[in-house]
Amino acid sequence: MASWIFKLLLLQFVLVLIQHADSGSIIKYLPGFEGPLPFELETGYIGVGEQEEDQMFYYFIKSEGNPEEDPLLVWLTGGPGCSSFSGLVYENGPLAFKVETYNGSIPTLVSTTYSWTKVANIIYLDQPVGTGFSYSTNPLADIPSDTGSAKRVNEFVRKWLAKHPEYFSNPFYVTGNSYSGKVIPAIVQEISNGNYICCKPQINLQGYVIGNPVTAYDHDNDSRIPFAHGAALISDELFESMKRSCKGSYSIVDSLNTECVKLVEDYHKCVSGIYEELILKPQCETTSPDCYTYRYLLSEYWANNESVRRALKVVKGTKGKWERCDWSVLCNKDIKSSIPYHMNNSIKGYRSLVISGDHDLTIPFVGTQAWIRSLNYSITEKWRPWMILDQVAGYTKTYANKMTFATGGGHTLEYKPEENSILFKRYLPGFEGPLPFELETGYIGVGEEDEDQMFYYFIKSESNPEEDPLLLWLSGGPGCSSFTGLVYENGPLGFKVEAYNGSIPTLVSTTYSWTKVANIIYLDQPVGTGFSYSKNPLADIPSDTGSAKRVDEFLRKWLAKHPEYFSNPFYAGGNSYSGKMVPVIVQEISNGNCICCKPQIRLQGYVLGSPVTDYDLDRNSRIQFAHGMALISNELYESMKRTCGGNYIIVDPLNTECLELIKHYEKCVSGIYENLILAPKCDLTSPDCHSYRSMLSEYWANNESVRRALKVVEGTTGKWERCKWSLQNNKDIKSSIPYHKKNSIEGYRSLIFSGDHDMLTPYVGTQDWIRSLNYSIIDKWRPWLILDQVAGYTTTYANKMTFATVKGGGHTLDYKPEENSILFQRWISGQPL
Ligand SMILES: *[C@@H]1O[C@H](CO)[C@@H](O)[C@H](O)[C@H]1NC(C)=O
Ligand SMILES: *[C@@H]1O[C@H](CO)[C@@H](O)[C@H](O)[C@H]1NC(C)=O
Ligand SMILES: *[C@@H]1O[C@H](CO)[C@@H](O)[C@H](O)[C@H]1NC(C)=O
Ligand SMILES: *[C@@H]1O[C@H](CO)[C@@H](O)[C@H](O)[C@H]1NC(C)=O
Ligand SMILES: *[C@@H]1O[C@H](CO)[C@@H](O)[C@H](O)[C@H]1NC(C)=O
Ligand SMILES: *[C@@H]1O[C@H](CO)[C@@H](O)[C@H](O)[C@H]1NC(C)=O
Ligand SMILES: *[C@@H]1O[C@H](CO)[C@@H](O)[C@H](O)[C@H]1NC(C)=O
Ligand SMILES: *[C@@H]1O[C@H](CO)[C@@H](O)[C@H](O)[C@H]1NC(C)=O
């Protein structure tokens, strides 16, 4: 018996060994990355060529979405001679280098937010042979060529799939950028021909994606002149003279045409100081840590370290120095133009996405557009902006050959990775289907008989849900659904802003979601808000203090059902009216931890945006704010201060002078949009109005199919309102200052931030009450920066309370979501702002 088991084990062991030698190795840890990789990485070699003399190295990353059905991509980087690892860590992969000066230790790798592997399986392939870790076993082999490489990649993909047959049925795309623009159309043709001629099972080839593709050298180069003119790098005069003298041909100039030769020289003088890959960036030394391209060196330090090579299972002795781009890799550039391949692929019906960074001078969009036009297909979707939320991210156009052209950042994807990632996701068919993150909705009953059924949306952190903080997020009102936060402020979805036409409004991914670093429960409270409902129609009207107890109860019950989150650091947060609720909720949880409840909630602190705190104080501060923002005159302000004694809310009816001045004040500010004084005051039913978007959530949440999808219990909520102003609520907390005081004593940390253009709860008042807590300042008022721009100002106090303004921000987070997200990420991870 025992020996039988032993034999079985031995057999399994042998099988495992064979499998490993055959199909690459699963890599769980990489030097420079802390902890296990949060995705599945496999590396390996596939031999191609007659005697498998070309050993092609690849990095395969499984989709983090649905690997069984998501597309399979092969990604090639340009050069020729650039390792595909460049795509993995700089462009569209799940890892990136932390940019810091190399000090002898292995450079640090961190997770990214924009990886295409969220929706696709990607094979990053080092080709042509000699690139990256790919090597040849035959030192006498021919120099690789473009057409030869196309055949080799086809062979590679077929052999790779034979070893990973579970991916045969996935939609397949060939993708890459820069020089691979020459080879990819030929690879598509090879694979397509292979499917017809020989090979079963077929590859489920759908199309290709190319970024700033090299297409035909002369053509691409010539387009730099009109591009440089459009981008204001050369003068009108020079451009006109060049057009006249050189007749559109600037790369190959007849040496007898001395006028043109001279003008081309002038042109080169004008652009010689420009960083071609992204004309907005400075030209600088790669070896200087301040230079953008310094990050490229990090990959070389990394990939040349022995422990890294061991981890990647690179075969010893096959590769000398690894270079990100090995310019000494020989390649016979025998494809002069890839346009004929595009023509053939169009005829066969493959779809394609062609992306051009619109600030790239190496392969300008001008030239790319011109060759696409030369294919002579009619336009099926006219030139229009493509949007991320309501901002133009670029422009796009689609042709009858299923070729979509879109503009974005620079020569490679790395300058606009978030935008390119969204572009790619939208390009994939059916992205509207599965959500790119985990959403759970449900009810938890609270109250003596569980009569209050509290509805929540829970979104798992997209980074490390096991260890990232758990945040409870509340919206204000009282009576505003937390769905407001989810789709307008800090969640992973937003509405595409377009006029409602009877179809369900479209949801799109956001770039700034706090769920990138935290697990978030969005809770509809108090009862009656959003989809929360009461089973007892005779129940008491909710109150601030009562609701705070209910939230504590909710949280303990939710955690009992999700015990894996008990160990995560916990924070409460919200904005506007939540400024009243959250400090009390913190107190309730803290007391609960002391008195009764095991396991304890790992309460760390709280975060509040433009919080309502103390009605009189908040409102009184509007006068000083209006003065600071030039909404009222100096004279009026001075008179008001003198006459009203700092109290503009409850005024002695006998003080007629003060009342008169207040009327005058109200006239001055009545035309101002208080949520954001810079925005126009407008009618929210008009699609041009910023607040129109809030209508979209009502169309959305009141559609039956949406409610079914959210698992809302039928018959429990009539009309869903984003903010139910008719909700009755006993506002029994007049001021939350005493609660802040108590929470400070108990040592909880807090982040209080204010949009500095919010007039509903002006930062002036918020600063006043923070000061009134009487803690000393430990980090003096200073700007906080994003890149090198001032994003706001901040101060930190000895009670671990950090105050920050967000420059240009308003009452809610939706006016500056990117800035707020960076603020939050820095604070929650304990970094200085
Ligand atoms: C490789 O990295 C390890 C760990 O940081 C370091 O100790 C070693 O010196 C490095 N080796 C080389 C050749 O740089
Ligand atoms: C290099 O810097 C990293 C991160 O700042 C640090 O962890 C490491 O100890 C440093 N290594 C050396 C050799 O100074
Ligand atoms: C086009 O530009 C590239 C990069 O500047 C250069 O290497 C190449 O020689 C140029 N080709 C022609 C035909 O001008
Ligand atoms: C395009 O397809 C035609 C017909 O199959 C073929 O003859 C031609 O060689 C192809 N063009 C290229 C550049 O391979
Ligand atoms: C596109 O149309 C133009 C003008 O009709 C013609 O000269 C050119 O050859 C056509 N190009 C292709 C690829 O068919
Ligand atoms: C709900 O949305 C579907 C799909 O757009 C639509 O057909 C239906 O009319 C909508 N229902 C209501 C009540 O708006
Ligand atoms: C409404 O607009 C969307 C997006 O523009 C479109 O897909 C949909 O078909 C339109 N629905 C109706 C009913 O017109
Ligand atoms: C803060 O200090 C002032 C003056 O010392 C005092 O009047 C006030 O009561 C203190 N506030 C609190 C909340 O302790």
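Only heavy atoms go into these numbers, but all of them, side chains included; no hydrogens, no water, no symmetry mates. Atoms within a ligand are numbered from 1 in the order they appear, just like the ligands themselves.
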Does the separation of the ring centres of [X] and [Y] fall below 6.0 angstrom?
X: Y45; Y: F57; value: yes
X: Y296; Y: Y90; value: yes
X: H342; Y: Y208; value: yes

>> Within ligand 4, which atoms have a heavy atom of P340 less than 4.0 Å away?
In response: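 By the 4.0 Å cutoff, the relevant atoms are 13 (C).
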
> In ligand 4, which numbered atoms sit nearer than 4.0 Å to a non-hydrogen atom of Q189?
Replying inline: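 Numbered from 1, ligand 4 contributes 10 (C), 12 (C), 14 (O).
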
> Heavy atoms under 4.0 Å from ligand 1: which residues qualify?
Replying inline: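 For ligand 1, the contacting residues are S105, I106, N305.
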
> When F85 is tested against each of Y124, F133, W302 for ring pair (Phe, Tyr, Trp, His ring centres under 6.0 Å), which residue passes?
Replying inline: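 The option that passes is W302.
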
>> Please enumerate all residues that pass side chain to side chain contact (heavy atoms under 4.5 Å, CB included) together with S328, with sequence neighbours excluded.
In response: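 Here the qualifying residues are D326.
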
> Centre of F97's six-membered ring, under 6.0 Å away, within 45 degrees of the axis: is that where NZ or CZ of R295 sits?
Replying inline: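 No cation-pi geometry.
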
> Less than 4.0 Å between a side-chain N and a carboxylate O, is that true for E155 and K159?
Replying inline: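 Answer for the salt bridge query: yes.
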
